[in-house]
2 protein chains.
Amino acid sequence: MNPTKAVENRREQILREAARLFAERGFHGVGVDEIGAAVGISGPGLYRHFAGKDAMLAELLVGISGRLLAAGRMRVAETPDPAQALDALIRGHIDFAIDDRPLITLHDRELDRLRESDRKLVRQLQRQYVEEWVGVVRRVYPEASVLEARAAVHAVFGLLNSTPHLGGQSGLPDRASTAALLHRLALSALEALENQAPPRRPWTAHPTER
Amino acid sequence: MNPTKAVENRREQILREAARLFAERGFHGVGVDEIGAAVGISGPGLYRHFAGKDAMLAELLVGISGRLLAAGRMRVAETPDPAQALDALIRGHIDFAIDDRPLITLHDRELDRLRESDRKLVRQLQRQYVEEWVGVVRRVYPEASVLEARAAVHAVFGLLNSTPHLGGQSGLPDRASTAALLHRLALSALEALENQAPPRRPWTAHPTER
DNA sequence: ACATCACGTTAACGCTCGCTAACACGACCG
DNA sequence: CGGTCGTGTTAGCGAGCGTTAACGTGATGT
C-alpha cells in the first residue's frame, strides 16, 4: 500500500551496511560492489537509491550529527538541574557510542571525504553539540574558562568514543557495565575542572607569552 | 664521508611528510605522487627508499608503537612509586600525542591497511603498552578488576589522543596549558576506579547473564 | 491488455593509482 | 679515465574503481 515504507527500509539497510563497512575498512577502502553485495543486490543497483557513494557518506554523517545534537538539546532542555543535565548528556552520548558504534567511528574519521557544503553542515552541527555540552559544563564548574571547558569536552568525547577500541577479548562482560564504567570515568574526568582554577590572569591579546 | 646519514635524513623526511598526509586525508586518499611532491622529488622516486606505499605506513606504525612501548617501559622501570609511574606514563603519552600528532592519528585509524604480519606486530606492541599501563593502574587502584582497568586505560588513551580534534580556533593558548589540562583530566578520570569497587561476584563462564 | 514505474541486471567507459622499465647523471674510486 | 653506485627522471602498463548506459521484469492502476 505504502511504497515509501519498502524504499525507506531498503535505504536504511544500505546505510547500515555501508556504515559498518566504512568503519571497518575506511571510505576509500570499500567498493560499491561490496556495499551492494552486503544487501543482496550487486554493484550499480545502489544508484537507484543514492546519487553516489559520496551521498551515502554524507547522509550518514549529517544524520548522526543531527541526531546527536537533537537528543542533546532535548535532554538539556528538559533537565533544569545542571548536574543532572550533564549526567543526561553523558548517558545519551554513551548510548550513541555503544549502539551506533560504526557511525561514531565515521563521525570523526571520514569527515574530510565530504563535499565542501556537507562538511560545513556537519561541522556546524558538531560545533553546536559541543557548545551544548560546554554550556552545561560551565554551569556545573563555573571556575573553568570557556577554552578549558571546550577542550575538556573534546577530551571527554575522545574518552567516550573509545568504545570501538575495546572490541574483542578485552571488553567488559556486558553493555551495562561498560556504560556504567564509561559514565564514571567521564564524570570523574570533568571533576578536574573543579579545583585548580586557571591562573586568574586576564586574557591578553597575544597568548604566546610563556 | 658517511653516506648513510643523508639517506637516513631523506627517509625520515619522507616518513614525516607521509605521516602528515596520511593523517590529513587517509592512507587511500594520498597518492605516491603527492608524497613525492612533498619532499621535492616526484612520484616513483620514492621507490629508491621504500618498497612501496604499504611499507611506509608499516614503518610508521611499527615505529610509533615501538617508541611508545619503549618509552613507557623505561619510565615505569625507573619509577618505583606507582602513583609517580602513572604520572610519568601520562606525561609521556601526552608528549607523543602533542608532538607526533599525525602518528597518533594514524596509530588507531589506519591499522587495518597493513599486511597481516605487520598488523600482528603492531597489535602486539600496542597490547604490551596497554598492559604496561594496566599494571601501574592496578597498583594504584587495587580494587579495580583487570577488565575495568583495561577498559579505563583504553578510555584514557581516547581522552589523551583527542588532541587532534582541538586544532584550530578552539585550542588552548599554548602547548603547556594543553598538556597540563590533559594531565589533570586523565588523572581525574582514573580516580573513578578508586571508589565503587565492581560487584565482587566471581567471574562466571558465560557473562551473558543480565 | 497495456503503459508505467520501481527495482534490478550486465557491459563497458574513463579515470586514477601503484608500480615497473628504461634511461640519465653526478660522486666516488681503483 | 672508466666502472659502479646512489638517486633521480619520464613513459607506460595493468588493475581497480565509481559511474553511466542499455536493458529486463514483475507489480500496479486504468
Side-chain angles (χ1 to χ4, degrees), chain A residues 1-61 106 110 112-116 118-119, chain B residues 1-61 106 110 112-116 118-119:
Chain A
M1 189 180 299
N2 187 359
T4 316
K5 186 65 173 302
V7 172
E8 287 298 305
N9 285 345
R10 195 47 141 184
R11 279 179 62 92
E12 287 171 18
Q13 184 191 12
I14 293 172
L15 285 176
R16 191 172 49 245
E17 294 302 310
R20 187 179 53 82
L21 289 168
F22 288 162
E24 279 176 9
R25 300 210 289 283
F27 179 69
H28 290 297
V30 178
V32 289
D33 292 357
E34 302 179 66
I35 304 176
V39 298
I41 73 182
S42 248
L46 296 170
Y47 287 77
R48 298 290 170 193
H49 303 276
F50 294 94
K53 204 177 138 191
D54 303 339
M56 300 183 207
L57 182 64
E59 192 159 328
L60 285 172
L61 293 190
L106 292 182
E110 311 277 4
D112 309 327
R113 269 52 123 195
L114 257 52
R115 295 190 356 254
E116 173 75 14
D118 293 323
R119 190 170 51 228
Chain B
M1 189 179 298
N2 186 359
T4 315
K5 186 66 171 304
V7 173
E8 288 297 306
N9 285 346
R10 198 43 143 185
R11 278 180 63 93
E12 288 171 16
Q13 184 193 11
I14 294 172
L15 284 177
R16 190 171 48 245
E17 295 302 310
R20 185 179 53 82
L21 289 169
F22 288 162
E24 279 175 9
R25 300 210 288 282
F27 178 68
H28 290 297
V30 178
V32 289
D33 291 357
E34 302 179 65
I35 304 176
V39 299
I41 74 183
S42 248
L46 295 171
Y47 287 76
R48 299 291 172 191
H49 304 275
F50 294 94
K53 205 177 136 190
D54 303 338
M56 300 182 207
L57 182 64
E59 192 159 328
L60 285 172
L61 293 190
L106 292 182
E110 311 277 4
D112 310 328
R113 270 51 123 195
L114 257 51
R115 297 193 349 257
E116 173 75 13
D118 293 323
R119 191 171 50 228

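Numbers restart at 1 for each chain; the letters A, B, ... are given by sequence-line order, proteins then strands. Only this structure's heavy atoms are used, side chains among them; waters, hydrogens and symmetry mates stay out. In this text, all values refer to a predicted model and were calculated from it rather than measured experimentally.
When rounded to the nearest whole Å, the span between NZ of Lys53(B) and P of dT20(C) equals 14 Å. Note: CZ (Phe50(B)) to P (dT7(D)) measures 12 Å, nearest angstrom. Rounded to whole angstrom, the span from the CZ atom of Arg115(B) across to the P atom of dG18(C) amounts to 17 Å. Rounded to an integer number of Å, the gap from Phe22(B) CZ to dC17(C) P is 13 Å. Between the C1' atom of dT9(D) and the OH atom of Tyr47(B) lies a distance of 15 Å, rounded to the nearest Å. We find that NE2 of His28(B) is positioned 10 Å from P of dC17(D), with the value rounded to whole Å. Summarising the geometry, the separation between CE on Met56(A) and C1' on dG18(D) is reported as 10 Å, rounded to the nearest angstrom. Between the CD1 atom of Ile35(B) and the C1' atom of dC19(C) there is a distance of 13 Å, rounded to whole Å.
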One character per nucleotide, please: for nucleotides 8-13 of chain C, 5' to 3', B when the base has a protein heavy atom closer than 4.0 Å, S when only the sugar-phosphate does, - otherwise. BBBB--
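Using a 4.5 Å heavy-atom cutoff, the side chains of Ile35(B) and Leu21(B) are in contact. The side-chain heavy atoms of Phe27(B) and Asp54(B), taken from C-beta on, include a pair separated by under 4.5 Å. Taking the side chain as every heavy atom from C-beta outward, Arg48(B) and Arg10(B) never approach each other to under 4.5 Å.
Closest approach of Arg113(B) and Gly26(A) over heavy atoms only: NH2-CA, 3.6 Å.
Counting any heavy atom pair closer than 4.0 Å across all strands shown, Val30(B) reaches sugar-phosphate atoms only and no base atom.
Between the side chains of Gln13(A) and Arg16(A), not a single donor N or O lies within less than 3.5 Å of an accepting N or O.
A salt bridge is defined here as a Lys NZ or Arg NE, NH1 or NH2 lying under 4.0 Å from an Asp or Glu carboxylate O, and Arg20(A) with Glu24(A) meets this definition.
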